[in-house]
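This report concerns only the one structure given below.
Throughout, numbering of the chain's residues begins at 1 and tracks the sequence.
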Amino acid sequence: MKQTKHIILLALFIALSLSLFMLESMLPLPLPAPGSKLGLANLVTVAALYILGTRDAIVILITRVMISSMLGGGPTIFMYSVSGASLSLAVMALLKRTHLFSVIGVSAAGGFAHNVAQTAIAALLIESSSIFLYLPVLGPLGIATGLLIGIVAGRIISAVTHHQKAV
């Protein structure tokens, strides 16, 4: 019974992550960098990292990236998504383990790492390092969106933790 509940919880996190991803793809956002996004689906990744742990966060993230790429991205989008998401989660998991950073700081670092990884993939695909000149725009944008995601994730984590203690 416990394993069934865990599978259902993972499915709910994945569904929420995919829903936020799809919602964001429909929103016209006035961000200063073409192709940049808020990363709403990363809200679920950050929350999962703190609520469920690293292994479950990896399962949720990889499943979301695979499904979202199949729904409307293809192999190139998959490469961008999996590289950004993987480096972001790795950085966040490592920083979380140090206990030196709040969820907001961890998320901000994840947002920056996501943009670094995607810029590196772009450099490989276009076979030019000049794309890294775009990083001074993308880097701070990733940090800013990571801060916002971290603030919201912190509230969710706090509410879930408080609820679990009450039950």
Which hydrophobic side chains are connected to I77, either touching it within the sub-4.5 Å cutoff or through other members that do?
-> none

Work out which heavy atom in [X] is nearest to a heavy atom in [Y]; give both atom names and the distance.
X: A153; Y: V46; answer: CB-CG1, 3.6 Å
X: S88; Y: G110; answer: OG-O, 2.9 Å
X: S86; Y: I62; answer: OG-CD1, 4.4 Å

Let me check something: do [X] and [Y] share a hydrophobic cluster, defined by ILVMFWY side-chain heavy atoms less than 4.5 Å apart, either directly or through other members?
X: L61; Y: M79; value: no
X: V152; Y: L148; value: no
X: V160; Y: L43; value: yes
X: V44; Y: M66; value: yes
X: L40; Y: L147; value: yes

Please list, chain by chain and in numerical order, all residues satisfying side-chain hydrogen bond (donor to acceptor under 3.5 Å, both in side chains) with S19, sequence neighbours excluded.
-> none

With a cut-off of 3.5 Å and sequence neighbours excluded, list every side-chain donor-acceptor pair involving residues 49-59.
| from | atom 1 | to | atom 2 | distance (Å) |
| --- | --- | --- | --- | --- |
| D56 | OD1 | H6 | NE2 | 3.2 |
| D56 | OD2 | H6 | NE2 | 3.0 |

Donor-acceptor list for residues 112-121 side chains, cut-off 3.5 Å, not counting sequence neighbours:
| from | atom 1 | to | atom 2 | distance (Å) |
| --- | --- | --- | --- | --- |
| N115 | ND2 | L138 | O | 2.6 |
| Q118 | NE2 | Y80 | O | 3.1 |
| T119 | OG1 | N115 | O | 2.7 |

side-chain contact (heavy atoms from CB on, under 4.5 Å) against [X], all qualifying residues, sequence neighbours excluded:
X: A123; value: I131, F132
X: I14; value: L18, I60, T63
X: S128; value: I126, S130
X: I8; value: T4, L12

For residues 89-102, please give each side-chain donor-acceptor pair under 3.5 Å, one per line with the distance, not counting sequence neighbours.
| from | atom 1 | to | atom 2 | distance (Å) |
| --- | --- | --- | --- | --- |
| T98 | OG1 | L95 | O | 2.6 |
| T98 | OG1 | L100 | N | 3.2 |
| S102 | OG | I104 | N | 3.2 |
| S102 | OG | G105 | N | 3.2 |

Under 3.5 Å: donor-acceptor pair, side chain of S158, backbone of R155 |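 No; judged by distance alone, with no hydrogens or angles, the pair does not exist.
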
Do side-chain atoms of S107 reach the backbone of V103 as a donor and acceptor pair under 3.5 angstrom?
->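 Answer holds: no.
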
Using distance only, find each side-chain donor-acceptor pair of residues 67-74 under 3.5 Å and give its atom names and separation, not counting sequence neighbours.
| from | atom 1 | to | atom 2 | distance (Å) |
| --- | --- | --- | --- | --- |
| S68 | OG | R64 | O | 2.8 |
| S68 | OG | V65 | O | 3.2 |
| S69 | OG | V65 | O | 2.8 |

